[in-house]
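Structure first, then comments.
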Amino acid sequence: MSGSVSLMWLSPVAAFCCCCGILLLLRRLPRALMAPTEKPFFRIAYSLYTKTRLGYLFYKRQLKRARERYPHGHSSTQAIVFSGVKVVPIPVLSDNYSYLIIDTASNLAAVVDPSDPLAVQAYLEREGVTLEAILCTHKHWDHSGGNKALKRLYKSCRVYGSSYDDIPELTHALSDREQLSVGRLQFQAYFTPGHTVGHMIYVLDGKSGDGPDCLFSGDLLFLAGCGRMFEGSAETMLTSLDTAASLNDSTLLWPGHEYAADNLTFAAVVEPENAVRDKKCQWVLHRRLEKKSTCPSTIGEEKEYNPFLRTHCRDLHQALDLQRGANEDWNHFRARVLEEVRKRKDLFKER
């Protein structure tokens with residue numbers, strides 16, 4: 001199926017035949033590649049979004065509407081500066097974040113998930129830096145849609161990501177735990193499938209600027225949440241979440257979306273007795289009333305209240321009324337817990 005052909009320009013008969021072909025393709029896909037809680041219609045729409053030009057056109061429509069509705073971004077953000085390193089959150093679309101990471105000594109920069117190239121270019125000009133690398137977490141247009149335009153402006157710019165995802169303009173395919181550098185900035189990429197088959201996260205080594213490590217998590221991990229399992233099983237997603245949880249507790253979490261208020265509201269439903277979560281929720285709701293960003297949190301914080309990182313916790317098991325089988329493997333049980341939490345979140349709200 002070609003990604004350069006739009007069904008909108010086909011005749012009704014041709015469009016019907018193309019849709020039939022998509023349906024046949026979906027029937028041949030292993031069910032393990034799609035979260036079991038997703039409905040058939042959603043699976044069709046998701047396939048259209050990721051495999052045809054319709055997804056790109058939908059993204060362009062989202063981009064146009066977001067620019068009109070949020071001319072200055074959906075949230076007020078604040079950069080964080082360490083010795084020699086500056087991390088600048090860029091609010092894009094209706095709730096996404098891109099991140100500009102700058103080596104202040106060389107004025108070279110990397111950007112994570114540049115979905116709106118105009119917004120990213122404005123920040124590059126404001127900071128007076130040159131874009132040397134795009135770190136793409138996954139193929140979804142709201143994370144990769146600006147790659148082509150930025151690559152056109154910065155021809156020597158490297159585009160990193162996984163070869164398992166169809167990353168636009170990919171120049172450097174990464175393997176698990178591969179390292180890369182931009183100026184003095186040192187990053188390590190981790191293969192974290194589950195949301196998509198080729199999802200990756202990027203960790204900035206804090207030693208690059210005498211500060212804490214920084215995790216740019218895309219749609220793997222959010223403040224109090226995780227991404228939907230579009231293309232992976234609960235077991236796969238659990239392994240990926242464990243990778244994030246294994247990082248230092250002081251690691252700053254920079255997620256791909258502003259979902260904190262919704263996620264914490266849901267967390268209160270599945271694990272009602274959690275004082276740390278209640279305090280965080282109050283802080284987040286106050287921030288959101290003022291349209292301020294809730295990023296970053298830390299990995300240590302997330303372990304205290306994020307239900308998707310608490311599959312090992314007895315309190316959560318009891319709240320979900322789940323028990324480990326007599327001979328059940330521990331990680332198999334944790335995957336069941338994760339699947340149940342994700343199922344409830346999918347039904348709670350469409351995030």
Side-chain angles (χ1 to χ4, degrees), residues 77-90 97-106 108-114 127 129 132-138 143 158 160-162 172 174-195 199-227 237-260 276 280 293-306 308-310:
T77 62
Q78 186 172 359
I80 290 184
V81 181
F82 311 127
S83 176
V85 178
K86 187 174 185 179
V87 178
V88 185
I90 306 175
Y97 287 111
S98 301
Y99 295 99
L100 188 63
I101 307 111
I102 302 168
D103 171 16
T104 57
S106 65
L108 296 176
V111 65
V112 178
D113 290 352
E127 297 292 335
V129 297
E132 185 166 285
I134 293 172
L135 312 183
C136 203
T137 61
H138 62 293
H143 292 259
R158 308 186 299 274
Y160 292 94
S162 170
H172 290 69
L174 294 168
S175 56
D176 185 37
R177 300 177 187 271
E178 189 169 347
Q179 296 183 346
L180 61 107
S181 61
V182 176
R184 296 184 307 171
L185 307 177
Q186 299 294 322
F187 295 90
Q188 187 163 25
Y190 293 82
F191 182 53
T192 53
H195 183 67
H199 193 286
M200 301 201 82
I201 59 175
Y202 299 92
V203 177
L204 171 66
D205 189 338
K207 295 176 184 177
S208 300
D210 194 27
D213 294 347
C214 290
L215 166 61
F216 301 93
S217 60
D219 281 1
L220 170 68
L221 186 65
F222 309 126
L223 193 155
C226 82
M237 194 66 162
L238 178 65
T239 300
S240 295
L241 289 169
D242 281 349
T243 296
S246 70
L247 300 173
N248 294 330
D249 282 354
S250 61
T251 301
L252 299 182
L253 171 65
W254 301 95
H257 290 268
E258 180 58 70
Y259 287 166
V276 177
K280 185 72 174 184
S293 171
T294 60
C295 306
S297 65
T298 69
I299 292 298
E301 285 184 279
E302 293 302 311
K303 290 177 182 178
E304 294 291 328
Y305 53 66
N306 189 328
F308 298 97
L309 293 186
R310 293 173 59 78

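Remember, it's a predicted structure, so these values are computed and weren't measured experimentally.
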Stepwise side-chain contact (heavy atoms from CB on, under 4.5 Å) test for L135 and L180: CA-CA 10 Å; L135 312 183; L180 61 107; 3.8 Å; yes

Is any side-chain heavy atom of [X] closer than 4.5 Å to a side-chain heavy atom of [Y]?
| X | Y | result |
| --- | --- | --- |
| T137 | H195 | no |
| D249 | T298 | no |
| D205 | D213 | yes |
| F82 | D210 | no |
| E301 | L223 | no |
| R184 | S208 | no |
| S297 | N306 | no |

Minimum heavy-atom distance [X]-[Y], with the two atoms named:
| X | Y | result |
| --- | --- | --- |
| V182 | A133 | CG2-CB, 3.7 Å |
| F222 | E302 | O-OE1, 3.4 Å |
| C226 | L241 | CB-CD2, 4.0 Å |

Distance-only donor-acceptor check, side chains S293 and Y97, under 3.5 Å: yes

Test item: side-chain donor near acceptor, E258 and T294, under 3.5 Å: yes

To the nearest 0.5 Å, how far apart are [atom1] in [X] and [atom2] in [Y]?
| X | Y | atom1 | atom2 | value |
| --- | --- | --- | --- | --- |
| L215 | I201 | CG | CD1 | 5.0 Å |
| L253 | L247 | CG | CG | 9.5 Å |
| R177 | Y190 | CZ | OH | 5.5 Å |

Parallel, tilted or perpendicular: ring planes of Y160 versus H172, cut at 30 and 60 degrees: tilted

Intermediate values then yes/no, side-chain contact (heavy atoms from CB on, under 4.5 Å), F187 and I101: CA-CA 11 Å; F187 295 90; I101 307 111; 4.1 Å; yes

Main-chain N/O of C136 paired with Y202 side-chain donor or acceptor, under 3.5 Å: yes

E304 and K280 ion-paired at < 4.0 Å: no

